[in-house]
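In what follows, chains carry the letters A, B, and so on, assigned in the order in which the sequence lines appear, proteins first and then strands, with residues in each chain numbered from 1. Below, all heavy atoms of this structure are taken into account, side chains as well, without hydrogens, waters or symmetry copies.
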Amino acid sequence: MTSAIFVLVAAAIFGLGVHGLLVSAHIMRKLLALNLMLSALFLLLIVVPASIDGHPDPVPQALVLTGIVIAVSTTAFALALMVRLFRKQGHATIHPDLDPALLGRKHGRRTAPEAEGERAP
Amino acid sequence: MSALAVNLLPVLAPLVAAALLAFRGTPRALAMTVAPWLPPLLALPLLLGNSEEVAGLPFVLLDLRLGADPVAAPLTVLCAVAWGLAGWFAATRVHRDRVLFWSGWLVSLAGISLALLAQDVAGFYAGYATLSLASWLLIIHARSDEAWRAGRVYLVMALLGEMAAFAGIAAIVSQAGNVALSELAGSIDLGSGWSWLILAGFGVKMGIVPLHLWLPLAHPVAPVPASAILSGVIVKAGLLGWLRLVPPGSDGADTVGPVLLLLGIGTAFAGVLLGLAQRRIKVVLAYSTISQMGLVLSVYAAMLMAPERAAALLPWLGVMVLHHGLNKASLFLACGCAPGRSRLRGLLVAIPALAISAAPLTTGMLAKTGLKAAFHDAGLAQGWTLVLSLTSTATALLLWHFWRLVRTERGYKTAHPAWLAMVLAGLVVPWAWAVGHGLELHLAAGLWPATWPLAIAALVVGLKSALMPGWTLGLPAGDLVVWLERFFGAANMRVARVAEASLGSLPNLYPVHVRMTRALLWTERKITSLPVAGFLILALGGLLWLVTLLF
Amino acid sequence: MIEPWLAQVLPPAVVLVSTLAAIVIFIAGEERQRLRIWVNLVAATLKLILVVWIGLSVLAGNEFLFRFELLPGLELILHADALSILFASLSAVLWLVTTVYAIAYLEHSPNRARFFGFFSLCVSATMGIAMAGNLLTLFIFYELLTLTTWPLVVHNGTPEALAAGRSYLRYTLAGGVVLLTALVWLYGLAGNAVFTPGGFLAPLAAEHATELRIIFAMLIAGFGVKAGLVPLHGWLPKAMVAPAPVSALLHAVAVVKAGAFGIIRTVEDVYGLELVAGLGMRLPLIAVACWTIIIGSLLALREHHLKRRLAYSTVSQVSYIVLGIAVGGLLATSGGMVHLVHQGLMKITLFFCAGIFGLLLGVSKIDQLDGLGRRMPWVSVAFTVAALGMIGLPPIVGFISKWYLASGALAVGMPAVLAVVITSALLNAAYFLPLVGRLWLGPPGSVAAARIEIGRLPRLALVCSALATAFLTVALGLMAAHPLSPLNWVIKIAEGYAP
Amino acid sequence: MSFDKLLLALVFIPLGTALVAVMLPPARRRWAVLLGSLAWPCFLVPLSIAVAREQTLTLVFGGWSPPLGIGWRLDALALVVLWVHALVGIAALPGAWQRFKPEETESGPFWSLWLILATGVNLATLAADLFNLYVALELTTLAAVALIATDDGIAALSAAMRYLLLAVLGSLMYVLGVGLVYAQTGSLAMHQPGLVELNNVALVLMLTGLMVKAAIFPLHVWLPHAYSNAPGPVAAIMSAVVGKVALVALWRIWFETAVDPPTLLTNLLGLIGAGAIVYGALAAYLQPRLKMVIAYSSISQFGFLLLLLPLACQQAFQGAGFHLLAHGLAKAAMFLAAANIVTVLGSDSIRHLPGLDKRMPLEAFTLALAGVTLIGLPPSGGFTGKWMLLSAAWETGGWFWLVLIVLSGLMSAAYVFRILALTCFHPARRAVHHLHPKPPAITSLAALMLALLAVVIGLYPHPVLDLLGSGVLMDGGVRLQSGVPGAGP
């Protein structure tokens, strides 16, 4: 019963995290959301195996420990990346048009040089 | 000289000369000097060769065999004499486009030589096809609109004919391979369909009605010596084709005999009737040739109907061939010599004309004797002989028409000795041939049958000028051609349209391509945005999970 | 007898000679013209010598076989049988001539290293096709041919050329895809089987008849793309934008013949005509061939662009080969196969001439041919000879093919096929004779002004290569009965297939 | 002698060198990395021999058996991945050497990251349990993101960030799945079929997470930008192995842990692969930048690897493994060539391609050769892979897959030939105002060697095929029936 609550809570947090990760514009918010998700994950990892045979299992705890290390390093790295991005473009959001060339055709402009030959009906 | 050399020389010499024409300067001049005198080379195989001996060239074409045999002999003689004399005429009278003329002349000569001498099917066909195509050059020599039209009609018909013949030949070859011509009779079953194809194919060259359409167009436009050989010699290559490929005695050939006989007689009359409606002398002569070829056809038909007598009739056929060839050639040569200018020239026109009308004691009478012999041998009723005599009447009428037209030809052209020689040859050679082959001439018995048809003709002429002096027929030269041209012109357009619309290539997918491109770029733009991407990840996971749940 | 190792080495050697040449040419680069010319000529001559050597050796009863296991159960086999030699020697001879022609033709044009490099590669691929000992090898080289010819098709780099290249790829790669599918299917059914005269699929016929039918149709369609079977021929006329030597060699020999050769192999060595007939696929094949012959000719008749008319003529003529094979019997099979050589010779001559007209006088349309006979008599003679041969005028080689095809059709009781052959001959006449007529008899006033001036030697090379092939068309036709003529060679092959 | 211990070298040499490199002064760093990068592949030779002989090598640390202990395992498939990694890694070195000179600021972290990436990839390849795999994949991802970010432009940084976020999302899903597996079974081992009764939710979570990392359509959205904005050597190694590692993990989970997944799921995954093939090829055809074309082509080619799931027989396994090899080599060659092109032209817009065959013939040739493999034209590695997949499709009666594979060649041809036509045959020789000096020839040659290798392995594929086919698959490959190619049913 308690484990069910934990699972539900974890799921809720995870959902919040996902939403934040995807929808927030600011990278900082995204990273916070990411950490939220990680917390939910760790919670789940601890809770779910335990609920199987009643007593704590060392393995998931070891896993979570490792996970936390990874989470910390990932977050740190992402923050560093964010800072560099911020320095480059003056704001800490992901540039919506990553590749202007990809969207070059959006305006109906023909970019390929072979266009003349190719389009002849 | 070896048999091979003797047989090859007439074929190769013109080809070498034709090749020399390509080199400007001396070689070309040399070729033109030599060219007129090459046809007599054809006499070599006849004179020097043994008629039984066949010279083989196993590597050439499909095992080429050459030799002079009795079937081709009359035409060989005709070719040597008439083509040679016409060449003499041409040597001095053809001034325009000489390279074109002589190349056509020489290649045609090589072709007919090969056709005459070849003793295997492929060799014969090779010669014949060369002849057909090369004589086109002679027809279009003038390059006037008329010449082009005649050339076109000729080419279409010649090719059609050749292909029909080719189909028949294919039937032969499919059974026996490239068989020797001498082994053809009796060894091949030419179910009537195939023999008809061969007959029709070569019939085009002969100008048998209704395959004659090219003839009245082509003969008038060709230069005079070319018309002479076209009408005198080349048309008879068709006869050679019949004799070679559907020899009397072939299985299935006897069934076609009677039909051919009717066709022959029909052609004889139709040629005359159509010719009477013409106003140009060379056209009239062309129709006369058609009519005469009808007679030749009827002899051939008789040979088919009496295969056992065929060998005996062959010399008679030779007489006919020589008689018509030489006389018709001299009439054509006459067209180039202002025949209306003097009495002597009138006489030189009248002799061959009378001969062709089968006047008494002429070679024509001799030929008619042969015809009657043939009809007799074929077991035909007496009525046929009467019909035969009536063809003489008809021919006489046509030549009377010709005579009247000829009298108006009074240009300033000089007479040419070759003309005279041709007329003389027409007088002498057939007789010599007949005597040489020991034919029974029946001179006395033939006099009256030769005379009365002419009398009737004279009567008709008299009546006509008395009763309706101004009345003339008028038909375009080549009669049916005009309608056919119109019909095929329209059909050609239709075929072209069908061809154009038919399955040119795969359909153009351009619009689909554009739409797909746009859709794809739009999608890619959409799913590159992070929220959509994340949603996709979750959705895909959800979908996969759903699938596992359901199944 | 020859050494066993030689019997193994020679087939790949024949293929690799021109690959090596290509590599040298690519590495040598654009500037080393003299080296390139020598490499080209030496390789072409060497290849010819090798092919002749193998050919004579095969004649003497030697066997050549090179096996290499590409994948487990999937072998690359190069061998030399009489049919291989037929195609290989044709390619080798014409490669030599075309090399001479191409060197002269491209005298002043850019990108010659690329051109000759791919040109040699393409010959390698063709040789591979000729020597292929099983369907997989054939397929591999068939695809290589696609790859190596595409650069030649788009060589000029004009939008038109690029479009033609795209079209070429679309068709040929799609064909390759169909082929690959069929190949997988066939390997699944029959495993790794080598070409066997009379086919190796007969034991499967009872159980897998429908599958074999579908596979057959796919194989024919796959090869038919290159062979230009209507309606798969769309690329061919477009590909005419390529330089003349390419049109000449590729569209007279390599590409279209590769397709036809594939069909021959499929019908004779994979299925066996008997099985094809048993599966009910022979008549459809004949019908397709006939249809192509007629439609190709009609399209040619409508075309006013010289090279494109020749291309449509190729469409029509190549199907003679298919027709002969499908009709079967000694005569027709010989007629069809020998047309592989004969059509190649005639068509290459025509393309050579068209190329010379185009290069020197800028002539590309039919009505520009008027009066060229006087201006370029020798080229015109070559053109005339080849065109007349196409119509089937004796003694040019085309006559021999038609002779055998026509009589062969009757020998197996198919007068309808004969009708098609004859109709096609008439149509050939209808679209070739006007060209010849224009050349010699057209109003001389319309002779075009010279477009470019080229040196005496290149000019001589151009004219001589055209004359050489034209001479061959006459010589081989005239000498058709010679024991070493293509005809006799082919009859020997056909006897293996249709005893 | 036991070869097991040699596995350590694969991980610890690059890791150790990376750590050492950090400590070295910048001028020496490159040399250390060079040594490290060349050293670990040397161990592949004895390992290959061992694998050929023993089929599988396992190494368990410190006597702790899984799940607590860490186990490594080397089998044929892992060996193939490692070889690709080694070859591409070495071939990418000259380019990296040229670009990341000590005097340039961005080169600071590059060399260590390069080796850390190598460590991560090797680790992920060797990982024998699910969590170990997670760690390795995370390591790989972080290193890759950092490497992408060495470019330091907004585009590269944004791409890196996006990659990072999506990859982490994928990792989380994966690790969630792992947790569920453990909760249910109490085991994390990958290679113990029958032991693990896989929960479908867990399976789906793991699959989805790995698919994000492997950039399987439609979860590929990070890939084009990441690849196309990364420095050439990075793009090469990423396309050749980084994505593949995740995909191989997916295979392993699918075949070794998921005992009896629903057929529909199998087919759905196959369909996703099909979608990837088609979509990637079409998108590649429409791209205006060379590197984008190559990137989208990767998406298309990855789809083939997913086809193993529905085809599921030994030939398919051999085919997919071979395809992985051939594609890895060819794609890396293309990226390396593209990097050189960018160096010289300053741009990889296809507008600048015309005339390239004159300026950079080796690069043009590389693109062409690699293109041949991508299309799968014989004789090339791509053809061999495709052929095996095709015969697998035939064997299993998978007509849809058969037709798809065959058609995919056409679609690949469309974009490859578009590039080739532009490069070699387009007449427009647009003046590029300032051509940068050419990079040293060895960079071009390295790319060319890879492309050549991709073709040559098609000529002599036996060693690889034998390796993959000798039953070693993943020894738990319970659902892969063996089949002899070419034999009729």
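- Heavy atoms of B/Leu100 lying under 4.5 Å from chain C belong exclusively to its side chain.
- When all heavy atoms of C/Ala481 and B/Pro58 are compared, the closest pair comes out as CB-O, 2.9 Å.
- Contacts of C/Leu331 with chain B are made by side-chain atoms alone, with heavy-atom separations under 4.5 Å and no backbone atom involved.
- For C/Leu405, no part sits under 4.5 Å from any heavy atom of chain B, backbone or side chain.
- Heavy-atom pairs under 4.5 Å with chain C peak, among B/Tyr128, B/Phe166, B/Trp148, at B/Phe166.
- Ranked by heavy-atom pairs under 4.5 Å with chain B, the first of C/Ala409, C/Pro415, C/Ala406 is C/Ala406.
- For B/Leu57, no part lies under 4.5 angstrom from a heavy atom of chain C.
- Residue C/Ala480 comes nearest to B/Leu62 through the heavy atom pair CB-CD2, 4.1 Å, listed as atom of the first residue, atom of the second, then distance.
- Considering all non-hydrogen atoms of both residues, B/Ser174 and C/Leu410 come closest at OG-CB, 3.5 Å.
- Contacts between B/Ile140 and chain C at a heavy-atom distance below 4.5 Å involve the side chain alone, from C-beta outward.
- The contact between C/Leu487 and chain B is made entirely by side chain atoms (from C-beta outward), counting heavy-atom distances below 4.5 Å.
- No side-chain heavy atom of B/Phe59 sits less than 4.5 Å from a side-chain heavy atom of C/Ser485.
- Only the backbone of C/Trp440 has a heavy atom closer than 4.5 Å to any heavy atom of chain B.
- For the options B/Ala129, B/Ala22, B/Ala122, heavy-atom pairs under 4.5 Å to chain C are most numerous at B/Ala122.
- The contact between C/Leu441 and chain B is made by backbone and side chain atoms together, counting heavy-atom distances below 4.5 Å.
- The aromatic rings of C/Trp403 and B/Tyr125 sit tilted relative to each other, their planes meeting at an angle between 30° and 60°.
- The part of C/Leu418 that comes within reach of chain B is its side chain, from C-beta onward, which places non-hydrogen atoms under 4.5 angstrom from that chain.
- For the side chain to side chain contact (heavy atoms under 4.5 Å, CB included) criterion with B/Leu159, the lone passing option out of C/Leu433, C/Ile422, C/Asn428 is C/Leu433.
- In plain terms, the two heavy atoms of C/Arg374 and B/Arg24 that are nearest each other are O-NH2, 3.6 Å.
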